[in-house]
Amino acid sequence: MIELFKGVFEERGKLLTRNLVPGKKAYGEDTYKIEGVEYRSWNPNRSKLGAAIRRGLKTMPIKPGSKVLYLGAATGTTTSHVSDIVGEKGEVYAVEIAAHSMKSLLQLCEVRQNVIPILADAGKPQDYEEVGDVDVVFEDVAHPEQAEMMIKNARFLKKGGYGMIAIKSQSIDVTKKPAEIYARVEKELEGTFEIVERIDLEPFEMDHLFLLLRKK
Ligand SMILES: C[S@@+](CC[C@H](N)C(=O)[O-])C[C@H]1O[C@@H](n2cnc3c(N)ncnc32)[C@H](O)[C@@H]1O
């Protein structure tokens, strides 16, 4: 088994995280026992962070013990793997606006003590100010104001703290070419962040760009 990053593994071509709650699956994923330890399969077709790792992400700021603000948690597919990586000493503040997704997310939080659910609009960080300083802001919201949201949530990061954003060009403007939208979004982000890595998520996700950012 290869450890790609702290807490992220590869075995026989599969991406894996060590299951924080052995015996419990989060979304019907396969589990494997390797030398007495249970791992969960991380499907890059269902997770943009998984896809970014598969597409060659070089720096992984989410580590054991990290405090992560996760925007657009949905039912918690990727959040569950982030929860595995940060482990018992880390925390994941999972923000989601849709009440129907929150129902499943709450079930995940019952099982995973390090995930804290927040029913809120990621465009209004003043509503969850109590989160305090975090190491990483991760954003995967299918929303036209993705860049603005990331900038607003940079208030939770210290200088040098990391942002990760999956940009879905179709959610921003279906009439424009993805490259045009990415250039516009990057320009907007560059006021607040240095762009450290750019990763095209194809073939896992069409018309998605993943950016690793560092707060200026
Ligand atoms: C692509 S899905 C996220 C998938 C999830 N990150 C994963 O990998 O498991 C986008 C999510 O963003 C949520 N969303 C959209 N606008 C939002 C907002 N303003 N605040 C918080 N969540 C939002 C949607 O309800 C949806 O659940």
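Note that the coordinates shown come from a computational prediction; the quantities given were computed from them, not determined experimentally.
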Contacts of Thr17 meeting side-chain hydrogen bond (donor to acceptor under 3.5 Å, both in side chains) (sequence neighbours excluded), chain-then-number -> His81, Asp84
Glu3 (side chain) donor-acceptor with Gly7 (main chain) under 3.5 angstrom: yes
I'd like to know if Lys168 and Glu205 make a salt bridge, using a cut-off of under 4.0 Å between side-chain N and carboxylate O. no
Note: Gly191 and Lys216 closest approach over all heavy atoms is O-CD, 4.2 Å
So which heavy atom on Ala166 is nearest to which on Gln146, and how close? O-OE1, 3.4 Å
Let me confirm one number: the CD1-CZ distance from Ile62 to Phe5, rounded to the nearest 0.5 Å. 10.5 Å
For the pair Phe156 and Tyr128, name the ring-plane relationship: parallel under 30°, tilted 30 to 60°, perpendicular over 60°. parallel
Spatial distance of atom CD (Glu186) from atom CD1 (Ile181) [nearest 0.5 Å]: 12.5 Å
If we ignore angles and hydrogens, is there a donor and acceptor under 3.5 Å between the side chains of Ser80 and Arg40? yes
Using modelled atom types and a 3.5 Å cut-off, is there a donor and acceptor pairing between side-chain atoms of Asp121 and backbone atoms of Ile97? no
Between Asp207 and Ser169, do the side chains contain an N or O donor and an N or O acceptor separated by less than 3.5 Å? no
Is it true that Arg46 and Glu29 have a side-chain N and a carboxylate O under 4.0 angstrom from each other? no
Rounded to the nearest 0.5 Å, what separates atom CG in Asn19 from atom OG in Ser83? 8.5 Å
At their closest point, which heavy atom of Asn153 faces which heavy atom of Met149, and how far apart are they? ND2-O, 2.8 Å
Candidate pair Tyr162 and Leu213, rule side-chain contact (heavy atoms from CB on, under 4.5 Å), full reasoning: CA-CA 6 Å; Tyr162 284 96; Leu213 310 165; over 6 Å; no
Please say yes or no: joined through hydrophobic side-chain contacts below 4.5 Å, possibly via intermediate residues, are Leu157 and Tyr93 part of one cluster? yes
When you compare the side chain of Ile116 with that of Val131, does any pair of heavy atoms fall below 4.5 Å? no
Candidate list Val115, Ile85, Asn114, test side chain to side chain contact (heavy atoms under 4.5 Å, CB included), partner Leu20, passing option: Asn114
Hey, are the side chains of Ile195 and Arg198 touching, using non-hydrogen atoms and a 4.5 Å cut-off? yes
Atom NZ of Lys25: over 12 foreign heavy atoms under 6.0 Å: yes
State whether the number of non-hydrogen atoms from other residues, nucleotides or ligands found under 6.0 Å of Lys6 atom NZ is greater than 12. no
Any donor-acceptor pair under 3.5 Å linking the side-chain atoms of Ser104 with those of Thr75? no
For side-chain contact (heavy atoms from CB on, under 4.5 Å), just list the numbers for Leu16 and Glu10, CA-CA rounded to whole Å, side-chain angles, deciding distance to a tenth of an Å, and then say yes or no. CA-CA 6 Å; Leu16 305 171; Glu10 187 184 311; over 6 Å; no
Straight-line distance of Asp135 CG to Asp133 CG, nearest 0.5 Å: 9.0 Å
Please check this pair: side chain of Glu91 against backbone of Glu88, looking for a donor-acceptor N/O pair closer than 3.5 Å. no
Do the non-hydrogen side-chain atoms of Val68 and Val86 ever get within less than 4.5 Å of each other? yes
Assess the residue pair Glu11 and Ile34 against the criterion (side-chain contact (heavy atoms from CB on, under 4.5 Å)); give the C-alpha distance rounded to whole Å, side-chain angles, the decisive distance to 0.1 Å, and a yes or no. CA-CA 10 Å; Glu11 169 77 358; Ile34 304 169; 4.0 Å; yes
Do the side chain of Glu96 and the main chain of Met102 share a donor and acceptor less than 3.5 angstrom apart? no
Test item: Asp30 side-chain N/O and Ser41 main-chain N/O as donor-acceptor pair under 3.5 Å: no
Tell me whether Leu212 shares a hydrophobic cluster with Val136, the cluster being built from Ile, Leu, Val, Met, Phe, Trp, Tyr side chains joined at under 4.5 Å. yes
Should Leu15 and Leu4 count as side-chain neighbours, where that means a heavy-atom distance under 4.5 Å? yes
Can you name the one residue among Glu190, Glu194, Glu197 that meets salt bridge (charged side-chain N to carboxylate O under 4.0 Å, His left out) with Arg214? Glu194
Ser47 and Thr78: which non-hydrogen atoms are nearest, and at how many Å? OG-OG1, 2.8 Å
How long is the span from the CZ atom in Arg54 to the CG atom in Leu201, to the nearest 0.5 Å? 13.5 Å
Ring pair (Phe, Tyr, Trp, His ring centres under 6.0 Å) between Tyr32 and Tyr39: does it pass, once the steps are laid out? CA-CA 5 Å; Tyr32 304 92; Tyr39 295 84; 8.7 Å; no
Whether the side chain of His100 engages the backbone of Ala98 through a donor-acceptor N/O pair (distance < 3.5 Å, no angle test) should be reported. no
Linked, directly or transitively: Ile167 and Val137 (ILVMFWY side chains, under 4.5 Å): yes
Could you give me the CA-CA distance, side-chain angles and deciding distance for Phe193 and Leu211, then say whether side-chain contact (heavy atoms from CB on, under 4.5 Å) is met? CA-CA 11 Å; Phe193 295 99; Leu211 297 178; over 6 Å; no
In terms of heavy-atom contacts, Ala73 and Thr79 come closest through CB-OG1, 3.6 Å
Nearest-0.5 Å distance that lies between atom CZ in Arg155 and atom NZ in Lys215: 10.0 Å
salt_bridge(Lys152, Glu139) N-O dist < 4.0 Å: no
Main-chain N/O of Ser66 paired to Lys89 side chain as donor or acceptor, under 3.5 Å: no
Which atom of Ile199 lies closest to which atom of Arg55, heavy atoms considered: CG2-CB, 3.5 Å
Joint hydrophobic cluster, Leu189 plus Leu49, side-chain heavy atoms closer than 4.5 Å: no
Co-membership, hydrophobic cluster, residues Leu105 and Tyr27, 4.5 Å side-chain: no
